[in-house]
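Report on the structure given below.
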There are 2 protein chains.
Amino acid sequence: MAVFLSTYVNKVDRKGRVSIPAQFRQSLAKTSAPSTVYLWPSLNHQALEGADQDYLDVLSESLESPDLDADERDMIETFIFGKLIPVSSDAEGRIVLPKELAEFAGISEEAAFIGRRKTFQIWEPDALKAHEAALREQVVRKDISLSQIVAKASRAAAGRSGEGA
Amino acid sequence: MAVFLSTYVNKVDRKGRVSIPAQFRQSLAKTSAPSTVYLWPSLNHQALEGADQDYLDVLSESLESPDLDADERDMIETFIFGKLIPVSSDAEGRIVLPKELAEFAGISEEAAFIGRRKTFQIWEPDALKAHEAALREQVVRKDISLSQIVAKASRAAAGRSGEGA
DNA sequence: TGCCGTCCCATGCTATCCCAAGAATGCCCA
DNA sequence: TGGGCATTCTTGGGATAGCATGGGACGGCA
């Protein structure tokens, strides 16, 4: 599965095309469908989410889980798979941003790609800035630090493996 | 089995014909009966459900399962198989929406196809919007996020494989 | 014989492919 | 260490093919 990192801002031409950042493409090259990415509107933000075929396969499989309640399943099928648009890149590594998705995210001139490991997001650049500012404020307010989070996670992992043994 | 994704809104002409979205057709092309789709009224919504031959075969087979209680079996046989209408597409990839189904879903001018992976639904566009708005409210209210659901599902899957071992 | 459903043909629009060039980056050599 | 060269990436525009949509004609059933 591809790994997406960093932030890139690329231009959207008048046909709605935008280059996938080269780094993302290199990552996609290793997946089972290198020239196809899947886009859908974010559930929680005015932004687009993107992923590769392999991620979608995992997601699809997780929907078969009997532990999901009917509401959640219906929601995912409607809002993710129902909105999901497979876009294939051209020879230059560009994709066409579907109109309804571009509108949803308020993207017209430029698009900011931000890697989120297994998925990435596409934002209108100013909206992304605002979002980041808001998030940073929370970091300060809640006094969050990276080392804290890592420590917490590894403590929890140790606990689980202890139970299992 | 065909996979249906995305949402498409197509026009219904005065003969009741509507184009199957090209993406759906490409998906159907790989199935055992590419020019036939099966339609039936949704159990839960004022909309139509659709699927390909292969899905119906699987569904039919699952009815043979001894785990199914008699009520459920009766319900499916009555409301799915009892209402099922096979429609075949013409050379242009259009189907004729059976009158009673179009009326049931309130479809007249336009029809919205929404992919739901193994099946799809056909809605009157405004009804679909309303349905989505209602669902979205639930997303906000329950504070659901995609990564949350994926995590939950994979945790559950891990739990099951653990039990099995 | 009239009506309805199916088939065939025509057309405007949209998306896809192909070709091309400027800009930025990294590498190599002096 | 600095400048020049080559490669890659991003961006732009034109041509082509596919798709959605509409109307007419033929054949079957009532």
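Every chain is numbered from 1, with letters handed out A, B, ... down the list of sequences.
Across all strands, B:Asp90 comes closer than 4.0 Å to no nucleic acid atom at all (heavy-atom distances). Among the protein residues, A:Ile95 comes within range of no part of the nucleic acid, since none of its heavy atoms lies under 4.0 Å from any strand. Looking at heavy-atom distances under 4.0 Å, A:Gln26 makes contact with sugar-phosphate atoms alone, never a base.
Across the protein-nucleic acid pair, B:Arg25 atom CZ and D:dT21 atom C1' stand 12 Å apart, rounded to whole Å. Rounding to whole angstrom units, OH of residue B:Tyr8 and P of D:dT21 are separated by 13 Å. If you take CG of A:Asp13 and P of C:dA21, they are 18 Å apart, rounded to a whole angstrom. Atom-to-atom, CD1 of A:Ile20 to C1' of D:dT8 comes out at 16 Å; the value is rounded to the nearest Å. In this structure, B:Phe24 places its CZ atom 15 Å from P of D:dC19, rounding to the nearest Å. Atom CD in B:Glu110 sits about 14 Å away from atom P in D:dA20, given to the nearest Å. When rounded to the nearest whole Å, the span between NZ of A:Lys11 and C1' of C:dA23 equals 11 Å. Across the protein-nucleic acid pair, B:Gln23 atom CD and C:dA15 atom P stand 12 Å apart, rounded to whole Å.
Side-chain contact between B:Leu5 and B:Gln23: absent, with no pair of heavy atoms (C-beta onward) separated by less than 4.5 Å. Residues B:Phe4 and B:Ile114 fail the side-chain proximity criterion, which asks for heavy atoms closer than 4.5 Å.
Closest to the B:Val96 side chain, of the nucleotides D:dT10, C:dT6, D:dA20, is C:dT6. Here the side chain of B:Lys15 is nearest to one of D:dA20, D:dG23, D:dT10, namely D:dG23. Comparing D:dA20, D:dG22, D:dT11 against the side chain of A:Glu92 picks out D:dT11 as the nearest. Closest approach to the A:Ser19 side chain among D:dT11, D:dG12, D:dA20 is made by D:dT11 (side chain taken as heavy atoms from C-beta onward).
Within the structure, every side-chain polar atom (N or O) of B:Arg14 is placed at least 4.0 Å from both OP1 and OP2 of C:dG5. Taking 4.0 angstrom as the limit, B:Lys99 places a side-chain polar atom (N or O) nearer than this to OP1 or OP2 of C:dG5. B:Arg17 has no side-chain polar atom (N or O) that falls below the 4.0 Å cut-off from OP1 or OP2 of D:dA20.
A salt bridge is absent between B:Glu92 and B:Arg17; no separation between the charged side-chain nitrogens and carboxylate oxygens falls under 4.0 Å.
More than 12 heavy-atom neighbours from other residues, nucleotides or ligands sit within 6.0 angstrom of NZ on B:Lys152.
Annotation: cation-pi geometry not satisfied between B:Arg116 and A:Phe81 (NZ/CZ under 6.0 angstrom from ring centroid, within 45° of ring axis).
On a pure distance criterion of 3.5 Å, a polar donor-acceptor pair joins the side chain of A:Arg94 and the base of D:dG12.
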